[in-house]
Amino acid sequence: MFNGMNVSASALTAQRLRMDVTSANMANADSTRGRMVDGEWEPYRRKLVHMQSQQNQDFRAHMQRAGGGSEPAGVTISSIGEDTTPFKEMYQPDHPDADEDGYVQLPNVDPLKEMIDLMGASRSYEANITAFDAHKSMLMRALEIGR
């Protein structure tokens, strides 16, 4: 009875995490010191959220007994990975992180991509709130019918 609400709730949680990761990417768009690799600082590397469908175990067991397949019951975060695109380089010989040729490696974060990703996550969040409210409204109507 509450599967629709559970699906929307899992999507809300996933989209909220996606917005948090995108915000972290934007905050570190100019960070030349993200983590230490082989004794040297590497710039911040853009993070990406990977999602996958979550299976409803009860429904899956029921359908397997009946000889059918399973149906998705939400979304879950499978991992938060790093973008492997190369870092940007800029000539700044006075920068403390410049190499011997005067080039500084900058993060592979593109603010335009991040804003588009943030807008997409925000719209998905809004759509799931609408679906959650619609499901809640249908349940309330069903309770009113039973009176």
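When reading the values below, keep in mind they use all heavy atoms of this one structure, side chains included, and skip hydrogens, waters and symmetry mates.
Proximity of D117 to M115: side-chain heavy atoms (C-beta onward) are nowhere separated by under 4.5 Å. A heavy-atom distance below 4.5 Å is not found between the side chains of V7 and N128. A heavy-atom distance below 4.5 Å is not found between the side chains of Q105 and D97. Counting heavy atoms from C-beta outward, N108 and R45 have side chains that approach closer than 4.5 Å.
Linking ILVMFWY residues whenever their side-chain heavy atoms come closer than 4.5 Å, directly or via other members, places L118 and Y125 in the same cluster. A single hydrophobic cluster is not seen to contain both V109 and V21; linkage of ILVMFWY side chains at heavy-atom distances under 4.5 Å, directly or through other members, places them apart. Connection of I116 to L48 is not established within any shared hydrophobic cluster, with ILVMFWY side chains joined at heavy-atom distances below 4.5 Å, either directly or through further cluster members.
Nearest heavy atom pair, residue A98 against residue P93, reads CB-O, 4.2 Å. The nearest pair of heavy atoms linking I77 to A14 is CD1-CB, 3.8 Å. When all heavy atoms are compared, the tightest approach of L106 to P43 is C-CB, 3.9 Å. Across all their heavy atoms, S124 and R18 have their closest contact at OG-NH1, 4.4 Å. Here the closest non-hydrogen pair linking S8 and F132 is OG-N, 3.7 Å. Contact detail for H95 and V104: the closest heavy-atom pair is CB-CG2, 3.4 Å.
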*asked:* D20 vs R16, test: salt bridge (charged side-chain N to carboxylate O under 4.0 Å, His left out). Steps then yes/no.
replied: CA-CA 6 Å; D20 290 344; R16 174 61 192 253; 3.4 Å; yes
_Intermediate values then yes/no, salt bridge (charged side-chain N to carboxylate O under 4.0 Å, His left out), E114 and R46_ = CA-CA 10 Å; E114 298 304 321; R46 179 179 183 230; 2.4 Å; yes
_Derivation of the side chain to side chain contact (heavy atoms under 4.5 Å, CB included) call for I80 and L17_ = CA-CA 10 Å; I80 298 176; L17 179 65; 4.0 Å; yes
*Decide side chain to side chain contact (heavy atoms under 4.5 Å, CB included) for E42 and T32; before the verdict, give the C-alpha distance in whole Å, the side-chain angles of both, and the deciding distance to 0.1 Å.*
CA-CA 7 Å; E42 182 180 80; T32 58; over 6 Å; no
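Counting non-hydrogen atoms of neighbouring residues, nucleotides and ligands closer than 6.0 angstrom, the CG atom of D133 exceeds 12 such neighbours. Residue K88 qualifies as enclosed at atom NZ: its count of foreign heavy atoms under 6.0 Å is above 12. Around the OH atom of Y103, the shell of radius 6.0 Å holds no more than 12 heavy atoms that belong to other residues, nucleotides or ligands. In this structure, R33 places its CZ atom where more than 12 heavy-atom neighbours from other residues, nucleotides or ligands lie under 6.0 Å away. Within a 6.0 Å radius of CE in M26, more than 12 heavy atoms belonging to other residues, nucleotides or ligands are found.
Q15 contributes atom CD, which lies 4.0 Å from atom CE of M51 (distance to the nearest 0.5 angstrom). If you take OG on S78 and NE2 on H50, they are separated by 6.5 Å, rounding to the nearest 0.5 Å.
Taking 4.0 Å as the cut-off between side-chain N and carboxylate O, K47 and D83 do not count as a salt-bridged pair.
With N28 contributing its side chain and S31 its backbone, the two residues share no donor-acceptor pair below 3.5 Å.
Among residues two or more places apart in sequence or in another chain, the side-chain contact (heavy atoms from CB on, under 4.5 Å) test is passed with A24 by Y44.
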